[in-house]
> 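Below is the structure I would like to discuss, written out as structure tokens.
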Amino acid sequence: MNANLRIGLVARQVGVSVQTIRYYERRKLLVPAARTASGYRRYGNDDLQRLQFIQHAKALGFTLREIGDLLALRIDRSARCGDVKERAAAKLNEVERRIEHLEHLARVLRGLVRDCRAGRLTGECPILRALEARADLRDLTTKPLGRGGRR
């Protein structure tokens, strides 16, 4: 593969936008590309692999900050696989908490749908009433979902 690729081609090959690549450079997830005399960015195989790494990590739910940590571990000669495993285990725990939360949402919604009688006027709609008054629905908006209370 060519080690002298323009940003548009790299973006298409990885499946991201040109703006995303520039953003990753600003976030220091990707080393700023070398430029030609005319100012065009040029990328090589290492850049493609790094972008694919970022995309794969994003697909597993890692945040850009977490991906930056993983990339740092990847190049740290003293880092061990256990360091990466800790981060993956933390992400797994977060995903499992989100699944529990989504399952709870599904149970609440299932109950609301079951209680609704389509022929009623909206003033008597149990779904609308629940959205106005139910404490268990308030809990859904105040419970933290992941680390740091992110929803």
Side-chain angles (χ1 to χ4, degrees), residues 1-114 116 125 127-128 130-151:
M1 182 171 287
N2 192 349
N4 200 22
L5 302 171
R6 290 174 73 171
I7 194 169
L9 180 59
V10 171
R12 281 190 298 281
Q13 286 185 0
V14 177
V16 298
S17 69
V18 167
Q19 292 82 9
T20 297
I21 294 174
R22 290 179 182 144
Y23 179 69
Y24 290 166
E25 287 179 353
R26 286 192 305 275
R27 292 283 310 258
K28 300 194 184 328
L29 294 173
L30 191 62
V31 176
R35 295 190 180 250
T36 64
S38 57
Y40 289 106
R41 287 176 165 91
R42 300 311 248 177
Y43 297 88
N45 293 333
D46 290 345
D47 299 311
L48 281 172
Q49 288 177 342
R50 194 170 180 103
L51 282 165
Q52 288 169 336
F53 180 99
I54 293 167
Q55 291 308 106
H56 296 157
K58 280 181 61 181
L60 288 172
F62 287 98
T63 65
L64 293 182
R65 183 175 8 156
E66 292 166 337
I67 293 168
D69 293 343
L70 291 171
L71 286 167
L73 288 171
R74 186 172 172 234
I75 61 173
D76 181 355
R77 299 246 184 257
S78 65
R80 299 285 179 248
C81 189
D83 299 326
V84 178
K85 181 180 179 180
E86 284 178 27
R87 284 160 176 80
K91 182 53 64 180
L92 175 60
N93 287 333
E94 182 181 327
V95 167
E96 288 172 343
R97 282 193 305 274
R98 286 182 181 179
I99 290 170
E100 288 173 9
H101 181 74
L102 289 172
E103 287 172 343
H104 178 69
L105 285 176
R107 284 191 300 275
V108 171
L109 284 167
R110 202 173 292 115
L112 290 172
V113 168
R114 183 189 59 240
C116 184
C125 178
I127 297 172
L128 295 176
L131 293 174
E132 292 171 351
R134 285 186 46 184
D136 60 338
L137 297 181
R138 279 193 301 275
D139 289 345
L140 295 176
T141 61
T142 58
K143 280 185 182 176
L145 223 179
R147 290 186 328 213
R150 290 184 305 226
R151 291 192 103 354

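Only this structure's heavy atoms are used, side chains among them; waters, hydrogens and symmetry mates stay out.
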> Supply the atom-to-atom distance Arg110 CZ to Arg107 CZ, rounded to the nearest 0.5 angstrom.
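If we round to the nearest 0.5 Å, Arg110:CZ and Arg107:CZ are 8.0 Å apart.
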
> Would you check if Leu51 and Gln13 make a side-chain contact, meaning some heavy-atom pair closer than 4.5 Å?
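A side-chain contact is absent here, since even the closest heavy-atom pair is not under 4.5 Å.
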
> Under the rule for side chain to side chain donor-acceptor pair (under 3.5 Å), what residues qualify as partners of Arg74, not counting sequence neighbours?
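Partners of Arg74 by the side chain to side chain donor-acceptor pair (under 3.5 Å) criterion come out as none, since no residue qualifies.
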
> Within the side chain of Arg87, is there an N or O that forms a donor-acceptor pair under 3.5 Å with the backbone of Asp83?
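Looks like yes, one N/O pair under 3.5 Å.
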
> To the nearest 0.5 Å, tell me how far Arg65 CZ sits from Leu29 CG.
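Nearest 0.5 Å value for the CZ-CG distance: 12.0 Å.
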
> Less than 4.5 Å apart, any side-chain heavy atom of Arg80 and any of Leu73?
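No, side chains not in contact.
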
> Passes side-chain contact (heavy atoms from CB on, under 4.5 Å), Asp47 versus Val10? Steps please.
CA-CA 9 Å; Asp47 299 311; Val10 171; 5.7 Å; no

> If I compare all heavy atoms of Cys116 with all of Ile127, which pair ends up nearest, and what's the gap?
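Reported closest heavy-atom pair: CB-CD1, 3.9 Å.
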
> After noting the C-alpha distance and the side-chain angles of Phe53 and Leu70, does the key distance pass the side-chain contact (heavy atoms from CB on, under 4.5 Å) rule?
CA-CA 10 Å; Phe53 180 99; Leu70 291 171; 4.1 Å; yes

> Side-chain contact, heavy-atom cut-off 4.5 Å: Leu48 with Leu5?
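Contact flag for Leu48/Leu5 side chains = yes.
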
> Report the residues that fulfil side chain to side chain contact (heavy atoms under 4.5 Å, CB included) with Ser78, sequence neighbours left out, ordered by chain and then residue number.
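Expected list: Asp76.
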
> Take Ile67 and Leu64, measure what side-chain contact (heavy atoms from CB on, under 4.5 Å) needs, and give me the verdict at the end.
CA-CA 5 Å; Ile67 293 168; Leu64 293 182; 4.1 Å; yes

> Does any non-hydrogen side-chain atom of Gln55 lie less than 4.5 Å from one of Val16?
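Val16 reaches Gln55 side chain to side chain.
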
> Kindly compute the distance separating NE2 (His104) from CG (Leu109), expressed to the nearest 0.5 Å.
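CG of Leu109 is found 9.5 Å from NE2 of His104.
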
> Do other residues, nucleotides or ligands put more than 12 heavy atoms under 6.0 Å from the CZ atom of Arg35?
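Atom CZ in Arg35 is packed in, count exceeds 12.
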
> Applying side chain to side chain donor-acceptor pair (under 3.5 Å), name anything that partners Glu25, two or more places apart in sequence or on another chain.
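Partners of Glu25 by the side chain to side chain donor-acceptor pair (under 3.5 Å) criterion, ordered by chain and then number, come out as Arg41, Tyr43.
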
> Between His56 and Gln52 (side chain of the first, backbone of the second, donor and acceptor by atom type, cut-off under 3.5 Å), is there such a pair?
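Present.
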
> Using 0.5 Å steps for rounding, measure from the CZ atom of Arg98 to the CG atom of Asn93.
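Separation between the atoms: 12.5 Å.
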
> Tell me the closest heavy-atom pair linking Arg42 and Asn4, and the distance in Å.
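That closest heavy-atom pairing would be NE-OD1, 3.1 Å.
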
> Side chains of Leu71 and Ile75: does their closest heavy-atom pair fall under 4.5 Å?
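SC-SC contact between Leu71 and Ile75 ruled out.
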
